[in-house]
Amino acid sequence: MSRKVQRSEVCADCSAPDPGWSSINRGVLICDECCSVHRSLGRHISIVKHLRHSGWPPSLLQMVQTLASNGANSIWEHSLLDPAQVQSGRRKPNPQDKVHPTKSEFIRAKYQMLAFVHKLPCRDDDGVTTKDLSKQLHSSVRTGSLETCLRLLSLGAQANFFHPEKGTTPLHVAAKAGQVLQAELLVVYGADPGAPDINGRTPIDYARQAGHVELAERLVECQYELTDRLAFYLCGRRPGDLDLSELAKAAKKKLQALNNRLFEELAMDVYDEVDRRENDAVWLTTQNHSTLVTERSAVPFLPVNPEYSATRNQGRQKLARFNAREFATLIIDILSDAKRRQHGKGLTSPTAQSKPHIPRRLVEECGV
Ligand SMILES: [Zn+2]
């Protein structure tokens, strides 16, 4: 099912040949230099993954490659294709341009400010627009046109939109239609494989009933993505003897005292930190030209996500201070407590776009 990585591609941001990385949520392939900027912006802007040195579910890789080869990049550079913009001096960087400031400023404008995305005509009621877009998404996921759906998502369509008349979410529709790649895209944008329809049936149920067995299995996998990835990260890193010091016991107690919402946030933050550490490792193994490994290309801790409270962002950054053993212990505690809380039920998808604003003093509360 996995397609061979197309080596004739160029970086979506600076046109450098042979991009080694991809941005999953943007559907583009990017070079090492541009990737260092993407990483510094954080996963809420760009979820990066190395094309060859990271593990890929085959259909996720296929989704990204399909978007990339079908020109998803034009979604993010829409107005740059307008001759009037070219006259105003806006242009794409070349591979030879400096990362800072030329490439980094362009990448921030492109993905963080969405400066070149096609804007809809302004309406009085933004809520209506979002609802319209989400309804369009709901019907478009039945087709194979990934770019259409990514465009709708880029304009604000909601992946978890519950269609009031149809009684389903877009993921139910994609699952029933057997649109594997659409399902991957929706999950990247936070769609919940366990979301009930009006009769309590999930997208996983829809896929099974329609005979799309592989898709159903993949959706189950997505549902457990968070805990599975934490567990996988532990492989080979599990401390030899379980730390049963008084401090560790106290930490475990505090973890158990967190309400479900705070616990889920903590698990998502730890997931992001696992992703940062793994991408760091890939980054280091793929850099053979030392000039690239400068301080400015490093991502020493999780970048700020403005949707989170200052306290949560501080807690996220403090995770970088944990040494390998401490971090592994925290993950073990989270996994065992997740099991206790949910009786084997998976946590929400880590990419779910919730907007939690509950302040938390992560390290202090957990005492680790
Ligand atoms: Zn580039």
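Start at 1 and go down the list; that is how both ligands and their atoms are numbered.
- Here the angle centred on the Zn ion (ligand 1), running from SG of Cys14 over to SG of Cys31, is 110°, rounded to 10°.
- Residue Arg316 forms a side chain to side chain donor-acceptor pair (under 3.5 Å) with just one option from Asn305, Thr311, Asp269, and that option is Asp269.
- Vertex the Zn ion (ligand 1), arms ending at SG of Cys11 and SG of Cys34: the angle is 100° after rounding to 10 degrees.
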For this session: Before giving the answer on side-chain hydrogen bond (donor to acceptor under 3.5 Å, both in side chains), spell out for Asp205 and His172 the whole-Å C-alpha distance, their side-chain angles and the decisive distance to 0.1 Å.
Result: CA-CA 9 Å; Asp205 297 330; His172 286 96; over 6 Å; no

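- Taking the ring axis of Phe232 as reference, the NZ or CZ atom of Arg229 does not stay both within 45° of it and closer than 6.0 Å to the ring centre.
- Not one N, O or S atom of Cys35 sits under 2.8 Å from the Zn ion (ligand 1).
- Across all non-hydrogen atoms, the minimal contact from Glu77 to Lys92 is OE2-NZ, 3.1 Å.
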